Protein chains: 2
Amino acid sequence: MPTPIDRHTAWQKHRHLWHHETAGPRTLLLKEGEISRKLYVIAEGCARYWFNHDGKEISFQFSFEGDVVYSSESFRKNIPSAYSIETIEPVTLRWLSQDDMQIVRQDPELYPLIIESVADKQAVFQRHFFSYLRDTPRQRYENLLRDQPEVIRRVPLQYIASYLGITPVSLSRIRSSIS
Amino acid sequence: MPTPIDRHTAWQKHRHLWHHETAGPRTLLLKEGEISRKLYVIAEGCARYWFNHDGKEISFQFSFEGDVVYSSESFRKNIPSAYSIETIEPVTLRWLSQDDMQIVRQDPELYPLIIESVADKQAVFQRHFFSYLRDTPRQRYENLLRDQPEVIRRVPLQYIASYLGITPVSLSRIRSSIS
DNA sequence: GCCACTTCTTAACAATTGTAAAATAATATC
DNA sequence: GATATTATTTTACAATTGTTAAGAAGTGGC
């Protein structure tokens with residue numbers, strides 16, 4: 001087994017592979033049905049993940065500074081992405097190509113870190129999922145307000161409504177009954 | 001990078017590490033708050049994942065023959081599990097200890113397979129999650145009936161209700177309005 | 001600043017779900 | 001097989017959400 005080394009140092013070995021890019025607000029970084037070919041990291045700004053359902057845009061994830069942004073299944077398997085990724089604010093990004101990511105993935109010092117980060121992401125996702133089984137929409141909004149007030153400050157309410165699994169009208173009612 | 005070999009062959013190398021076990025119905029394989037120390041695979045029978053919320057048992061996953069069953073975050077990090085795993089039917093199981101799983105994980109031929117299976121599991125989970133944002137409880141029940149009729153045959157309805165995010169009463173109404 | 005456009009809120013009503021309690025059905029135990 | 005226990009269904013009513021439409025507030029372009 002490779003000797004564990006510092007996470008930051010392990011990644012820094014590959015920093016020469018990163019490209020840089022900026023984009024305005026409401027720019028598609030990835031379009032539903034296309035193949036995810038760049039693994040982005042957000043340096044500044046925010047974005048949302050969404051998919052189309054009967055003509056409605058359903059947002060299911062928001063990403064901010066430091067977050068990795070890509071469609072992992074599409075990126076790994078070269079299959080069409082099930083969702084789009086769109087900037088909300090103007091963003092500055094760095095990204096890795098699929099080929100360069102292959103190089104990084106082959107680094108034995110990074111193997112355990114990558115497994116771990118994928119698994120951790122899954123755990124976070126699962127906790128988020130639990131709130132849909134456990135809490136009412138009102139409680140989910142209150143949780144968001146308490147745990148991630150930044151989302152409510154930076155993300156338009158219509159996107160937050162679909163993220164909470166309700167309509168904008170219902171979210172508006174919940175908000176007015178709180179404040 | 002290790003040469004990719006046949007998935008089955010790669011796992012079979014480690015078959016001597018597996019233990020065998022049986023359990024009756026309604027047996028806890030893992031209790032919320034305890035540490036997941038065995039990675040089970042179901043040979044026969046089925047089980048459910050659930051957590052407690054205000055005295056109610058909320059089921060969020062069902063597992064059948066061939067499925068891996070454990071609390072991944074708890075198993076990896078030796079932290080208390082956020083949920084319980086309980087048999088529904090009598091089961092026969094095989095399992096790996098944490099230490100033996102460490103050995104398996106170190107097999108360079110299995111690294112890519114493990115990363116892939118974790119990532120795939122996440123994708124399945126994500127698709128399931130999407131239905132909570134996209135569909136009504138009635139549609140989720142109809143999807144379950146269409147895609148996994150085995151779940152409805154083998155799992156008590158009260159567990160299915162919480163899995164769908166509704167009460168048993170509401171599920172009963174939905175069922176009676178269909179058939 | 002003015003206009004057009006989008007976003008958010010409010011209102012009214014329909015549809016769905018939750019809650020509590022009782023009835024029925026199914027299962028387990030002796 | 002009779003009884004106790006648990007699971008599921010049904011009923012009635014309260015609470016919440018969806019839908020549609022209209023109004024208010026906010027944004028951006030000229």
Side-chain angles (χ1 to χ4, degrees), chain A residues 23-28 45-48 50 52-59 62 86-90 131-145 149 151-179, chain B residues 23-28 45-48 50 52-59 62 86-90 131-145 149 151-179:
Chain A
R26 299 185 192 192
T27 306
L28 281 174
C46 64
R48 69 185 175 110
W50 63 273
N52 185 297
H53 178 64
D54 291 345
K56 288 175 192 164
E57 295 183 2
I58 299 181
S59 301
F62 305 114
E86 188 178 321
T87 63
I88 294 173
E89 305 171 349
S131 81
Y132 283 81
L133 299 177
R134 192 182 53 218
D135 303 324
T136 63
R138 156 172 267 107
Q139 287 171 320
R140 285 202 293 282
Y141 178 75
E142 288 168 349
N143 292 346
L144 195 64
L145 202 57
V151 170
I152 292 166
R153 276 202 311 275
R154 296 172 69 178
V155 176
L157 290 173
Q158 53 179 332
Y159 304 150
I160 293 176
S162 68
Y163 175 80
L164 296 174
I166 57 178
T167 60
V169 176
S170 191
L171 175 57
S172 189
R173 275 190 294 237
I174 288 169
R175 283 165 54 83
S176 72
S177 78
I178 286 175
S179 52
Chain B
R26 301 188 192 188
T27 306
L28 282 174
C46 64
R48 68 185 177 110
W50 64 272
N52 185 296
H53 178 65
D54 291 345
K56 288 175 190 163
E57 295 183 2
I58 300 181
S59 301
F62 305 114
E86 188 178 321
T87 63
I88 294 173
E89 306 170 349
S131 81
Y132 283 81
L133 300 177
R134 190 182 54 216
D135 303 324
T136 64
R138 155 172 267 107
Q139 287 171 320
R140 285 201 294 280
Y141 178 75
E142 288 166 349
N143 293 346
L144 197 63
L145 202 58
V151 171
I152 291 166
R153 275 202 311 275
R154 296 172 69 179
V155 176
L157 291 172
Q158 54 178 329
Y159 303 151
I160 294 177
S162 68
Y163 175 78
L164 297 174
I166 57 178
T167 61
V169 176
S170 191
L171 175 56
S172 187
R173 275 190 294 238
I174 289 169
R175 282 164 56 81
S176 72
S177 77
I178 287 175
S179 51

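So you know, we letter chains A, B, ... as the sequences are listed, proteins then strands, and number each from 1. None of the values given here were measured: they were computed from a predicted structure.
Between atom CD of residue Glu86(A) and atom CG of residue Leu28(A) there is a gap of 5.0 Å, rounded to the nearest 0.5 Å. Here CG of Leu145(A) is found 6.5 Å from CD1 of Ile178(A). Values are rounded to the nearest 0.5 Å.
One interatomic measurement links the two molecules: CD of Glu57(A) to C1' of dT7(C), which rounds to 14 Å at whole-angstrom precision. Across the protein-nucleic acid pair, Leu157(A) atom CG and dT6(C) atom C1' stand 13 Å apart, rounded to whole Å. Rounded to whole Å, atom P of dC8(C) lies 5 Å from atom CD of Gln158(A). Rounded to a whole Å, the CD1 atom of Ile178(A) is 16 Å from the C1' atom of dC8(C).
Scanning all heavy atoms of the two residues, the minimum distance from Ser59(A) to Ser162(A) falls at N-OG, 2.9 Å. Among all heavy-atom pairs drawn from Pro25(B) and Ile88(B), the shortest one is CB-O, 3.1 Å.
Contact of the Tyr163(B) side chain with the Arg140(B) side chain is not registered, since no non-hydrogen atoms from C-beta on lie closer than 4.5 Å. Using a 4.5 Å heavy-atom threshold, the side chains of Arg138(A) and Arg175(A) count as separate. Within the 4.5 Å cutoff, no side-chain heavy atoms of Arg173(A) are placed close to those of Ile166(A). In this structure, Ile174(A) and Glu142(A) have side chains that are not in contact, with every pair of non-hydrogen atoms separated by 4.5 Å or more.
For Thr136(A), the side chain to side chain donor-acceptor pair (under 3.5 Å) partners two or more places apart in sequence, or in a different chain, are Gln139(A). By the ring pair (Phe, Tyr, Trp, His ring centres under 6.0 Å) test, Tyr141(A) is found to be paired with no residue, residues two or more places apart in sequence or in another chain being considered.
The side chain to side chain donor-acceptor pair (under 3.5 Å) pairs that include a residue from residues 151-161 of chain B are Glu65(B)-Arg154(B), Glu89(B)-Arg154(B), Glu150(B)-Arg154(B), where partners are two or more places apart or lie in different chains.
On the nucleic acid side, DNA chain D has its first and last nucleotide under 4.0 Å of a heavy atom of chain B at dA7(D) to dA12(D), going 5' to 3'.
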Could you go through nucleotides 22-30 of chain C and list every protein N or O atom that sits under 3.5 Å from one of its N or O atoms, giving the distance for each pair?
none

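Comparing Ser176(B) and Arg26(B) along DNA chain D, the residue whose closest nucleotide (by nearest heavy atom) sits nearer the 5' end is Arg26(B).
The stretch residues 163-174 of chain A touches DNA chain C through Val169(A), Ser172(A), Arg173(A), each having a heavy atom within less than 4.0 Å of the strand.
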